Each structure stands twice: as C-alpha cells, then as structure tokens.
Amino acid sequence: MDEQPSLYGKNPINNISKIRIHHLQKMKEQNQKWVMLTSYDMYTAAIFEAADIPVLLVGDSASNNVFGYDTSLPVTVDELIPLVRAVTRSTQRPLIIADLPFGSYQGSVEQCFSTAVRFIKEGGAQAVKLEGGIEMVPQVEKLVSSGIPVMAHIGFTPQAEHQLGGYKVQGKDDDGQQLIEAAKAFELAGAFALLIEMVPAKVGEAITNAVEIPTVGIGAGNSCDAQVLVWQDMAGLRNGRLPRFVKQYADMNKLLLEAAKAFTADVVNGDFPSEDHNF
Ligand code: KIV
C-alpha cells in the first residue's frame, strides 16, 4: 500500500512506531482527537494500520459481525482469541485491545484476571476492554495492578441488553450522574480510557470533562476525545437498518455483491478463466 501523509497533522503520535496507552493520554492532553475501529482479521487490520488508525478493537461484536450470532452475548473466549491473534500478527503500530466476552469476567476478579491473561498471552493483545458500572471496579483494579491496561465500557453495555430492556440510550434520567460516578471510579481504579456508548451528547461531554483519561464515543456525541465504529458499519458491509450513530463511508456491500455477480457472469459465459489465467 502507498505511503500516505498522517491524517493527524502535527501531533503526539506522529513517528511513533508503537502506540501505547500514554500516547493516547497525551492526545487528550493536547486536545487531539483520534479514532478506533474494530478489526477481526488480517486484511482489515493491515488496511486500518495503513490508514493510521492508532487503536484496533477486536470487539465481542465479532459475535454478530463475524460468527453469525444475533447479539454479542453468545461469542466465547475460545472463538475470540484466534481473531485477536490474527489482528496482532498482522499489525505493528496500532494498540490492539481485546474485548472480554459476556460471562468471562463478571463472575469474579479471579475469573476476569484469568480471561484477560489468556487474551494477552495467547492473543498477543496489549489491553482489554470490559463492560459495566462501578461493580466492575475490583476487576479493573486487579488487571491494572497486574500490568494489564483496561478500557472500561460504560453507558449502553450490549452484554447487559436484557437487564437494560433492549437497545436504549442511557444516562437520560439523571443527566448522566451515575455514569459520571462510574467514569470517575474507573479512572481511580486505573483504567486508561473509557468507551461511552449511546448516551445523550451532553452526557458524553460531561463525562469527558469529568475525567483526565481519554473517552471514546459511539453514539455519545462529538465532545468525546475519540470515536469508534464497528468497521462493517463504517464501511457499509452490513446492510439493513443501522443504529443512528453510524455513518457509512463506503458501500462495501454493493461492491462485493457486484464483484461476486461479475465473477459468476464471467464463469457462466465462459470468459473466466481466459488465456491470461491459464498455465
Ligand atoms: O465490541 C464492539 O464492537 C464494541 C463497540 C461498542 C465498538 O464494543
């Protein structure tokens, strides 16, 4: 792929060969926004690295974007680890975060620690993400004190969709007070960043202003320090009804559909393989 000039202009991560959590902290301190994308395989990981994306998340969204499940709940640690390994093997510069799937860390601090260690040792991840509120503070403290960087996911937490009564904007009733408290507690526990999902933009702003660590928004307004999207949403591979917070930057669904149809037509018409492709 051709060398592209940095999209970030002059900033703390130019010329950094490996993004680390302190670089993201510096970005916040210097008011420089950044981007995170999900990735689950070698080609997208390499493309996103070439696009200067500093952070890749191997999300539990692989559940309903790779494995064909309906929600993020069914995916297992054993299913996710090979995807994490694929992404870490195919990239050098981005910080790779592994998502801890439902049921693999909520049980106890010890369970959380063992799961996170598997993602670090077997997957090669450099950080993990977990969902929840202040009840997850002991888990975060244990990981951080063991040398594992943690991104805490607050607001709408898809793993708790049944408890939350479906896909609903969070933090509306109390102007986000509870979320702000959770954000501060996670910061105190040592989380290096917060992911904030589906809250009113003013709540995203209030949380971002309430903590020193970077916030990564998805449906949380423009004041967050960074933004994340699931790559299949961002690039238009997924079709059907999309969440309001998604902006599509390409129509990969159409592109692939047309390519597959053109291939079929060529074969059916006897135009492929041609002399050029013969041995
Ligand atoms: O797993 C995931 O894709 C997420 C999104 C909110 C980015 O956590």
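Both ligands and their constituent atoms are indexed starting at 1 by order of listing. Since we're looking at a predicted model, the values are computed, not measured.
In this structure, a donor-acceptor pair under 3.5 Å is present between the side chains of Asp41 and Thr44. Defined by atom type and a distance below 3.5 Å, a donor-acceptor pair is present between the side-chain atoms of Tyr69 and Glu79. Lys26 and Gln32 form no side-chain donor-acceptor contact under 3.5 Å, judged by distance and modelled atom types alone. With 3.5 Å as the limit, one finds a donor-acceptor pair spanning the side chains of Thr215 and Thr208. Under 3.5 Å, the side chains of Thr38 and Ser61 contain no donor-acceptor pair of N or O atoms.
Interface of Thr38 with ligand 1, defined as ligand atoms under 4.0 Å from a residue heavy atom, comprises 3 (O). The ligand atoms of ligand 1 that sit less than 4.0 angstrom from a heavy atom of Gly59 are 1 (O), 2 (C). Against a heavy-atom cut-off of under 4.0 Å, Val230 is close to the following atoms of ligand 1: 3 (O). Taking a cut-off of under 4.0 Å to the non-hydrogen atoms of His153, the atoms of ligand 1 that pass are 6 (C), 8 (O). Residue Val228 approaches ligand 1 through these ligand atoms, each under 4.0 Å from one of its heavy atoms: 7 (C).
Between Asp99 and ligand 1, an N or O atom pair is found at a separation short of 3.5 Å. Ligand 1 has a nitrogen or oxygen under 3.5 angstrom from a nitrogen or oxygen of Asp60.
Ionic pairing of Asp52 and Arg93 is present here: one or more N-O contacts between side-chain nitrogen and carboxylate oxygen are shorter than 4.0 angstrom.
Ranking protein heavy atoms by distance to atom 6 (C) of ligand 1, first place goes to Glu197 OE1, 3.3 Å. For atom 4 (C) of ligand 1, the closest non-hydrogen atom on the protein side is Leu57 CD2, 3.8 Å. What sits closest to atom 3 (O) of ligand 1 on the protein, heavy atoms only, is Ser61 OG, 2.4 Å.
The side-chain hydrogen bond (donor to acceptor under 3.5 Å, both in side chains) test with Gln106 singles out one residue from Glu131, Gln111, Gln159, and that residue is Gln159.
Aromatic ring pairs are classed by plane angle as parallel below 30°, tilted from 30° to 60° and perpendicular above 60°; the pair Phe156 and Tyr167 is tilted.
For the pair Lys129 and ligand 1, a heavy-atom separation below 4.0 Å is found.
In Leu229, neither the side chain nor the backbone holds a heavy atom less than 4.0 Å from any atom of ligand 1.
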